[in-house]
Structure formats: structure tokens, C-alpha cells
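First up is the structure itself, then whatever we jot down about it.
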Amino acid sequence: MAVAKVIVDVPAKQTNRPFDYRIPNRLMNVLVPGMRVIVPFGPRKVQGFVIEIAEKSQFPKLREISELMDIEPVLNEELLLLSDWLTEKTLCYKISAFQVMLPPALKAKYEKKVRLKNRSHLAMLPSVLQSLFSNGDVIKWEEVSKGNELSLLQKEIANDVLEVLYEVKERVKKKTIKMVAPAVTNKELQKIRSEFPSRNVKQLKLIDHFIEHHEPMERQKVMSILGVSSAVIKGLLEKGILTEQTREVYRDPYRDRDIEKTEPLQLTSDQSQAIQPILAALEEKKHDVFLLYGVTGSGKTEVYLQSIQRVLEDGREGIVLVPEISLTAQMVNRFKGRFGDRVAVLHSGLSVGEKYDEWRKIQRKEVKVVVGARSAVFAPFENLGIIIIDEEHETSYKQEDNPRYHARDVAIERAKRYNCPVVLGSATPSLETFARAKKGVYQLLTLSKRMNERHLPHVDIVDMREELREGNRSMFSRVLHEKIQDRLEKKEQTVLFLNKRGHSSFVMCRDCGLVLQCPNCDISLTYHRFNQQMKCHYCGYESIVPTTCPECASDHIRYFGTGTQKVEEEIAKVFPGARVIRMDVDTTSRKGAHEKLLTQFQEGRADILLGTQMIAKGLDFPNITLVGVLSADTMLHLPDFRSSEKTFQLLTQVSGRAGRHELAGEVVIQTYTPEHYSIELAGEQDFDQFYEREMMIRKVHKYPPFYYIALITVSHEELMKTVDVTEKITGFITSRLSNEAVVLGPVASPIPRLNNRYRYQCLIKYKREPKLTDVLKTVLDHHQQDMHQSGLQIAIDKNPYILM
DNA sequence: AGCACGCCGACT
DNA sequence: GTCGGCGTGCTC
């Protein structure tokens, strides 16, 4: 008797193991590992993944698989194996690993319903329940359980008058269209034609069409092109002359685009030197990791494109990861332009259905290349030839909730299994990557020249303290003001960068100093002028703006800080007539808004593009000749050991937006700490020196890449409990690790309270601790019941990117 | 995660 | 004496 080992969709410690099920006869030769099934689990039904087919089970009384959800496995053999690696690496549940590998459309939806078993028993029900069932036999559980009819309900369930139904549903339907086709051969059709009553003009017209084109046609098209109504089609369907079929179609998010086809460009000598080792690795089918280190505008993309070209010629497949802050449109166009419909695209801007369709194309081997954000690293290819990660240093490649994986690690792991290269591209690589490249763990490939010998833009660093001293209290320094004015006159474009959103960052009482805080999170509330509200950016809490101080009743309440909205107003004042496009989370939240705004800017319908983080990447418009950074130091003071690195990267990226084409570019960076090395060196665009400086600091403070770090965040409603548990954990870990490891804590998290929960953390810095994973597992095990009962939460991140 | 089972306080 | 509170443990 064959048995299926199934991982059920219940993310909990106790269910994080295979459960055995009997395979019904009808599925005997159909079921293979990697398929989703619906199985009975206790009283309910849940989705599960078959991971293995076994001969027999230790377990005496097996239940049977209820239903099969897939015709072909959604997880191939390699991904099933990879999930073992992923769960071990990130300490996540098996089911979470599976789910992160698949499009969200494949996650099950559960519905609980109540059914009246026999309509004739309706009268037996208490009147409260009777009314519920007046319109039908089945109602949703929520409709009954919200009132106090619950006990009545349970009685009737015990009486066998009502029954509870558990349903497992798919999230998306495969999109289909109706096709009409001849039901008979052409010969027979002609025979029918000759005997057909000639007064049926419309039906004859249809038959004539299908004699001429003996193939299926979209029902919609039949009606519109041949000018017949659905009644006519119906008539022929009933006579058995035509048949109707449904065909799966893909929602194509790029259907309405005209993307120009491009041919491989002639590589510069720099580029061809860089691509050689990659091509060699492809040739030898050898796993290797390359760091393609090239300044902005040095033509990394063409290297990617031609590497993939080779992979495709070899009949293999490629994955290209791009940062989620998706200025992917330009990137996507380049790949679609080169490889046409052999490209699938996966990013967060797509609907659940669209993502599913793109994923299906990969699964069905209808595409050979996928361009996508972080999770695209799990694209179900089976003959991978290359994985490319563009802007390798981007933090969005790290998933910040379970499973806390880094796409770079997954890429390397997969590439090892396929003996294929990984290419990491960046102008400002992460220190970890650059250090490995220097050590020879990765191969360093350098593109040192910008394309077409374009020079890097000239950078001005302006000391805003100086400005203030000389009486300029505006948010624009005199230099920046002058240059913006100059661009406006020359009809060239300016990009202004500010990494904050909202109108003012916080509201403060000038009498008592009170800063309005979120009642749930101990974080300052942000003022949003748009709807006149105070908003918490962490939990979403909203409140109206007070006119008087809630603490001392003073009416000296003022806004502080500078947000994009405020800058926009200031621009309107200082540069009347300048046309501004503002891009921040508020103006781009609508689907497609992002791209629309960019297109407007590209078409020259605005002089100034004002935005936050999201405009730092990818922008590549010829008419941008000035980039201004309004306050370079805002992120420098975040409590994060990577803040200098991030500042440097961001400033370099933003500066790279200027002068990428014929016109030369200029950059103005405004700061209150011009002497800080990350700002100074970003001004000189000197990554190598920045690297040296930062490495020294990392070494002294025992941070990556010299040490690995792991972060444990404990949260609970009660402060005492939180501290207590964190303390115990810190002590336990200290006792189990070697003296080489540094265990810091317990300390309050940089966000000390979130959603009414206190947060404390323990940070582990280590070099080699083979026991660490086991120790961490023990920590989780040990607090298992506490997590269940008192709502204690323990999050473990073995390679955190945000220490919050 | 659900859900059932089971053991103790305030009610018809 | 019973209803229902939620601690405990199981789900192939």
C-alpha cells in the first residue's frame, strides 16, 4: 500500500513534520512529490504538500487524501531539496519555505460553513437559526458565530441537524476564454453546407467561415468579426456542427506595450573583458560567483544580456533579480526588448492573478528568462544556466519576515546545484560581497569606465551649518538655489532627493516639548497634510492633528522636520512657475502611478522631480543635469551599523542619476555633517577608499564582514516579561557559545514598542559557532509553550539587515 | 493554527 | 446539579 508523506499547511512547531496519508486508488499512479493535496487534519481539512511517496507507514490508522490540487507538481525535485536547506538556514517551518517558493495564488484559502442537512428539518430549528437558513442550506460560519447563537448552533450540530463544512479553496481561477471550433471534419462540414436550408443566412455564413478556416476561434471574435449574435452560434452548437471549448489564457501585464526589439550591442573593451570569465564558466558548466563591480552607467546590463544570450543558446534558463523598489519598467523593457516573449516578469506591482500566470509560464517552460524581485530567485526552472543579481547591495533582497532569507544566499545555493555561475552587479557593493571578492572567494570583474567616456558628475558638498550662519534659513543652499534656477532657464531637468515622507516628520509643543507619539508604538507620529492627520508609519495608527497640546493645553503646537510635501510648497514659493512631480509613498501607492509619473517626467512635462528613496535607482533620462540631495545625513544617524554604508550607497546612486547622456551632470549634496567620511567619499565617488575606512570600523566593532551576526528579538505585552525572557535567552546563549562570540543584550530594540508590544533584543556576533543553529533551535523549543500561551514572540534572524 | 477534551466557579 | 470559562494536547 502506497503512502504519501505530507507537510500540512499549519505553521506551528508541533506540525512541522510529515504526516502520512493513504493514497486513494484513483490517484495511485498520478500522485508525485511536489503536488498539493487536500487532506483531513483533525476535524477539518487543510492543504498539504506531498514530499515523498513511501511504501508503508509506521502509523497504524491512516486517513486518505481527499483531493488532488495539481495536475503537475508545483515544486520540482530541486526546490523540494532546497526547502530543506532553507528551513535549516533560516529556522523556519517547512510549510513557510514551500509558500515562499510559490506565487501567493497557490496559498490555500479556508472557509468554514454550516449546512442544514435536511431541509425538512428546518422547522425543528430554533427560530433564530431558522431565519438564517431561509435563503439556502449553506451559510458562512462567520454569519452565525458572531451573534450569541453559538451554543444553539452547537446543539444542532450534535443533534445531526446541522453539519460543519470545511472548505479549501484556490485563490485564483485560471483565466479562460471560450473558443468555438467545428465539431466535424472539413469534408463533413462541406456536406452539411450543401444540405443546409438556405434561409439560415447567418448560420451559413458561420459554416462558410469554418470551411475556409478549419480551426478554433475566440467566441468573442466570431461574434464581432462575422457579425453574428450568440444565438446563431448557439444554434449551430445545438445541431452539433460546432463545439465550444475553453482555453487557458494568461493575464499579460505587458500586453499593451510596444517594446522595441534590440540587438546585442558591440561591447566596449571593458565589457568584453568582464564578460569573458562569465562565458568561460558557462562553457565549463562551472559554479562560480562573480562580482561585476562597475560605476553607474558603465553598462552592466549589456553584460547581463549577453551572458543570458549565451545561456539561452545553450538551451538553459536564466534568472535576473532586480530590486523591489521597482524602477523595473526600464529594466524589464531591456530584457523584453532583447528576448521578447521568452521573458517572464515577477514583481510586487502585479496582481495575484498576473503573478500566477507569469509563474505558470515558467513552470510550463514557455519562457526561458525571468526578471523579478527577491522571490523570483525561486523560479521553478529545471535547467538553470545563470543567476544575475543587479544592485547586489540592495537591502530589499533580504526578506524581513519568515523565512528570513537573503536572495543572494539562495541564488548561490541553487547555482551550486546546477553548476552555474552567479553574477552580482553593483557600483557600490555591500561590504560583505566586496570583501569576499577581494579575498578571492568571488571573482572580481571591474567596469571602471562609464559608457561613451561620459564623466562622472561633479559633486558639490554644501555645509548647511555654514548656510545658517550666513543667514540662509531656507531648505535650499545658495548653490543649489542658483543651479536649479539655471536649469529652469536652460529647460533642463532637476531631480531633488529627500529621504523622508509626509509633510513634517513630527509635531511638537513648543511650551512643554511634548512630541506626539503613537500610543501603540512609542514612535513619533508623522503629520500628513493631505488628509490633515497624524499617522504612525509602523502600525498605521491615525489621529487628527490637535490644536492644543494634550499635555499642557498650550496652543503653541508646531510642525518640525521637512517632508516632500513641504518641499513641494517651498519650491512653489521660491521657483514660481516650476513644474514639479512629487514621488513618494503617498503619490505612488496606486497601481501604475509610479510609472505614470516617471513617464510624465521623461516626456519633459515637469522641470523638477522631487522624491524619496524610490527615485534613487534606475532613473536614466537624458535631460537630467542636476541632482540635489536636500539632507544627506538623515539616515546617517539611524541606530544601525550599516548606516554609513547605506548613506554612501544612496548618495552614490542618486548622484549617478545626473548626466548619463550627452549633457554633463552636476550634483549638490546638502548636509550638516560634511566631514563624515561616507558623505565626503560619496562626493568623490570613491568606493575603494570608503571600503577601506568602513572595513576598519567594522573590524574594531566586530561587525560583518569580520563577524557574522544573529539577532533575537523578543516581544511581549508586558515589559517585565519581555526583559526577563530576553535576559534568560542572552544568558543561555552566552553559556553555550565559545569565548570568541560576543553576546550583547538584553537591550531595548530601536523600536522599543510596536503595536502595544515591548521589544527587547539580543545580538550575537560570532565567527565560527557550529553549535549556533542548534542553540537557537533550543531557545525556540524552550519557550514553545510560553509563546503559545502568553503571546510571547521570539524572532530569530541569522543575518539581519535591519537591526530594528 | 484550530479544535476537542476536560476540569473548576456562578448560575437556572 | 449544569453552563461555560480557558489550560492542555493532538492532528497521519
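Chain letters run A, B, ... following the sequence lines, proteins first, then strands; residues in each count from 1.
Within 4.0 Å (heavy atoms only), Gln14(A) reaches at least one base atom of the nucleic acid. Pro40(A) comes within contact range of the sugar-phosphate backbone alone, with a heavy-atom separation under 4.0 Å but no base atom that close. Residue contacts for Phe59(A): at a heavy-atom cut-off of 4.0 Å it reaches a base atom on one of the strands shown.
For Glu727(A), the side-chain contact (heavy atoms from CB on, under 4.5 Å) partners two or more places apart in sequence, or in a different chain, are Val723(A), Pro746(A).
Rounded to an integer number of Å, the gap from OH of Tyr166(A) to P of dC3(B) is 4 Å. Straight-line distance from the OH atom of Tyr110(A) to the P atom of dG2(B): 9 Å, rounded to whole Å. Look at CZ on Phe41(A): it is 13 Å from P on dA1(B), rounded to the nearest Å. Spacing between atom NZ of Lys107(A) and atom P of dA1(B) amounts to 12 Å, rounded to whole angstrom units. A straight line from CG of Asn16(A) to P of dC12(C) spans 17 Å, rounded to a whole angstrom. Here the C1' atom of nucleotide dT11(C) and the CG atom of Asp20(A) are 13 Å apart, to the nearest Å.
When atom types are taken as modelled, the side chain of Glu358(A) and the backbone of Val345(A) share a donor-acceptor pair closer than 3.5 angstrom.
Below the 3.5 angstrom threshold, one finds a donor paired with an acceptor across the side chain of Arg44(A) and the base of dA1(B).
Among the nucleotides dC12(C), dA1(B), dC3(B), the one closest to any side-chain atom of Lys112(A) is dC3(B). Nearest nucleotide to the side chain of Arg17(A), out of dC3(B), dC12(C), dA1(B): dC12(C).
A distance cut-off of 5.5 Å between ring centres, combined with a plane angle under 30°, leaves Phe19(A) outside any stacking arrangement with the base of dC12(C).
Cation-pi check for Arg768(A) over Tyr766(A) is not met; the charged atom does not lie both under 6.0 angstrom from the ring centroid and within 45 degrees of its normal.
The aromatic rings of Phe98(A) and Phe49(A) sit tilted relative to each other, their planes meeting at an angle between 30° and 60°.
Under 4.0 angstrom from either OP1 or OP2 of dA1(B) there lies no side-chain N or O belonging to Tyr93(A).
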